[in-house]
Amino acid sequence: MLFNFTIGNFRSFSERKTLSMEPASISDHRQNLIKKAQYSFLSSAVIYGANASGKSNLLRGVNTMKRIVVENFDKRSVSEIPYDPFLLNTRASKEPTFYEVVFWVENIKYRYGFEADRTSIHSEWLFATEKKKSEKPLFLRVPEGIEVMGNFPEGKDLEEKTRDNALFLTVVDQFNGHTASIIMKWFRNFNIISGLSHDNYRGITFAMLDKPDLNELLTNFFIDIDLGFDKIKLERKEFNPSELPTDVPEDILKQLISDLEGKKLVNLRTVHKVFDDDQNFIKEIEFDARRQESAGTNKIIDLSGPIFDTLKDGGVLVIDELDAKLHPLLTLSVVRLFQSQEINKNGAQLIFATHDTNILSICNLRRDQIYFVEKNRTGSSDLYSLVEYNKDGKVRKDRSFEKDYINGRYGAIPYFGNFDKLSEQWHEK
């Protein structure tokens with residue numbers, strides 16, 4: 001369960017900004033909360049902002065932190081760390097990036113973070129809060145060295161084994177540290193995906209459809225959102241070169257044939273009903289999902305794997321451009337999966353960026369679930385939630401959030417110049 005994520009000096013985020021999944025003290029839509037032990041969490045959060053405001057940079061920051069953590073130990077001593085600082089300030093462009101997450105796993109609240117540039121981990125820290133106890137450090141790292149506390153014995157004698165460009169946490173995990181392995185597992189369940197290049201996630205969907213119980217779960221979801229078919233199944237068949245597109249360049253075609261020769265391919269088939277003119281059911285017919293179903297249908301099928309995998313494991317799912325190719329009601333259906341206490345029994349959380357303002361009207365979101373990203377005059381991105389916004393006084397829960405946002409009340413919208421002047425210049429050419 002995620003409490004919050006903080007990033008600073010990353011791409012368009014010059015100063016440290018925090019996306020919090022910890023609910024504010026408001027009474028809005030309490031059904032959107034997840035309760036675990038003495039804590040409460042938001043089931044979802046949506047991020048709005050103009051193009052180039054920094055929405056994708058925020059989510060890219062989440063992904064970069066995960067990559068550094070999960071892939072760090074496999075790096076060599078000369079390997080570079082992903083580093084993309086704020087370049088529009090002379091000071092910031094030379095300083096490390098700040099990453100921190102606060103999360104709850106196995107009844108313990110952890111706060112883990114680090115500061116890094118291209119070649120070095122400048123600082124690193126891990127704190128833990130057990131039930132009804134105060135937060136205590138497990139280890140602290142500064143440029144001068146690493147201090148391991150007595151309550152973190154798994155980290156003892158590993159300080160000297162940690163390279164300048166390696167995270168101490170990943171080193172401890174490689175030496176089978178119990179707490180470190182729990183935290184690493186949590187990071188691996190932190191899934192960040194794109195709503196644009198969604199075909200990369202078909203493998204997860206295929207794996208779930210291959211299991212009868214999960215196949216039924218996904219099929220019922222597809223039927224509930226009325227995609228037009230009644231069944232979906234996997235088709236396995238031998239590769240046939242004659243089925244390749246004819247407009248592929250010859251060198252690529254030869255390489256594809258060489259790579260796929262003798263292999264079995266997996267394809268999705270959707271099953272539709274055929275009726276006569278009197279609307280009597282006659283038979284069933286199969287469609288090739290990739291070729292005969294719409295782009296939106298293919299997207300929701302592709303994303304269903306990561307979505308239900310996250311719901312099953314109780315992880316965190318981050319989706320950029322969730323609304324791309326989807327009808328607003330399809331986007332709503334995804335959000336409702338996470339807000340349903342009957343379906344989301346394991347406390348999964350969804351964070352997504354979108355331009356679809358309909359969500360503000362139809363999703364019954366709390367004010368602390370709605371975030372905005374906006375750039376200031378220096379090109380630096382700001383992040384704030386609707387519950388924090390108080391430029392014209394605090395926003396009441398009975399406001400029309402969509403109408404107010406479109407009218408610019410909360411900022412984070414595009415600013416258009418004088419098109420009349422542009423038209424005059426155009427006609428003068």
Any [X] side-chain heavy atom under 4.5 Å of [Y] side chain:
X	Y	result
Asn72	Leu169	no
Ser20	Asp368	no
Phe190	Met65	no
Phe13	Leu58	yes
Val395	Phe401	yes
Ile232	Leu218	no
Ile26	Lys397	no
Ile182	His178	yes

Between [X] and [Y], is there a donor-acceptor pair closer than 3.5 Å when you use the side chain of the first and the backbone of the second?
X	Y	value
Asp320	Arg60	no
Thr97	Asn9	yes
Lys156	Val148	yes
Ser380	Asn376	no
Glu154	Ala180	yes
Thr162	Leu158	yes
Ser304	Ile301	yes
Lys375	Ala52	yes
Tyr110	Val101	no
Arg16	Gly8	no

Donor-acceptor side-chain pairing of [X] and [Y] below 3.5 angstrom:
X	Y	value
Ser12	Asn57	yes
Asp323	His355	no
Asp288	Asn267	yes
Gln339	Ser44	yes

In Å, rounded to the nearest 0.5 Å, how long is the span from [atom1] of [X] to [atom2] of [Y]?
X	Y	atom1	atom2	value
Asn215	Lys233	CG	NZ	11.0 Å
Lys136	Thr129	NZ	OG1	10.0 Å
Phe175	Thr170	CZ	OG1	10.5 Å
Leu386	Arg399	CG	CZ	10.0 Å
Asp173	Met184	CG	CE	4.5 Å
Thr354	Lys55	OG1	NZ	8.5 Å

Problem set entry | Parallel, tilted or perpendicular: rings of Phe103 and Trp186 (30°, 60°) | parallel
For this session: Indicate the ring-plane relationship of Phe168 and Phe139, choosing parallel, tilted or perpendicular according to the 30° and 60° boundaries.
Result: perpendicular
Exercise. Considering the options Thr64, Val69, Thr6, which one meets the side-chain contact (heavy atoms from CB on, under 4.5 Å) requirement together with Tyr99?
Worked result: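 Filter result, single survivor: Thr64.
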For this session: Sort out for me which residue in Asn346, Leu337, Leu217 forms a side-chain contact (heavy atoms from CB on, under 4.5 Å) with Leu311.
Result: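 That would be Leu337; it is the only one of Asn346, Leu337, Leu217 passing the side-chain contact (heavy atoms from CB on, under 4.5 Å) with Leu311.
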Exercise. For Lys325 and Ser294, what are the C-alpha separation, side-chain angles and deciding distance, and is it a side chain to side chain contact (heavy atoms under 4.5 Å, CB included)?
Worked result: CA-CA 9 Å; Lys325 304 179 188 176; Ser294 70; over 6 Å; no
For this session: Sequence neighbours left out, what pairs pass ring-ring contact (aromatic ring centres under 6.0 Å, His included) with at least one residue falling in residues 291-339?
Result: Phe221-Phe308
Would [X] and [Y] count as a close aromatic pair, with their ring centres under 6.0 Å?
X	Y	answer
Tyr39	Phe3	yes
Phe287	Phe229	no
Tyr48	Tyr410	no

List the atom of [X], the atom of [Y], and the distance in Å for their closest heavy-atom pair.
X	Y	value
Ser27	Arg30	O-CG, 3.7 Å
Gln349	Met21	NE2-CB, 3.6 Å
Leu350	Ile319	CD1-CD1, 4.0 Å
Pro85	Glu95	CB-O, 4.3 Å
Val373	Ser53	CG1-O, 3.2 Å
Arg188	Asn191	O-OD1, 3.7 Å

For this session: Starting from the C-alpha separation in whole Å, work towards a yes-or-no answer on side-chain hydrogen bond (donor to acceptor under 3.5 Å, both in side chains) for Arg409 and Asn407.
Result: CA-CA 6 Å; Arg409 180 183 177 92; Asn407 289 334; over 6 Å; no
For this session: Could you go through the side chain to side chain contact (heavy atoms under 4.5 Å, CB included) check for Gln341 and Lys35 one step at a time?
Result: CA-CA 10 Å; Gln341 296 182 358; Lys35 295 184 179 180; over 6 Å; no
For this session: Carefully, step by step, assess Ser79 and Asn165 under the rule side chain to side chain contact (heavy atoms under 4.5 Å, CB included).
Result: CA-CA 8 Å; Ser79 297; Asn165 66 342; 4.2 Å; yes
Exercise. Does the pair Trp125 and Phe152 meet the rule for a ring-ring contact (aromatic ring centres under 6.0 Å, His included), with working shown?
Worked result: CA-CA 12 Å; Trp125 55 93; Phe152 193 62; over 10 Å; no
Problem set entry | Heavy atoms of other groups near Glu160 CD, more than 12 under 6.0 Å |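 No - once you tally the heavy atoms of other residues, nucleotides and ligands closer than 6.0 Å, there are 12 at most.
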Problem set entry | Crowding at CZ, Arg269 (>12 non-hydrogen neighbours, <6.0 Å) |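 Result for CZ/Arg269: enclosed.
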Exercise. Can Leu59 and Ile47 be said to form a side chain to side chain contact (heavy atoms under 4.5 Å, CB included), step by step?
Worked result: CA-CA 10 Å; Leu59 303 187; Ile47 305 166; 3.8 Å; yes
Exercise. Restricting to pairs with a member in residues 99-109, which pass salt bridge (charged side-chain N to carboxylate O under 4.0 Å, His left out), not counting sequence neighbours?
Worked result: Glu100-Arg111
Exercise. Would you call Asp309 and Lys312 a salt bridge, taking side-chain N to carboxylate O under 4.0 Å as the test?
Worked result: yes
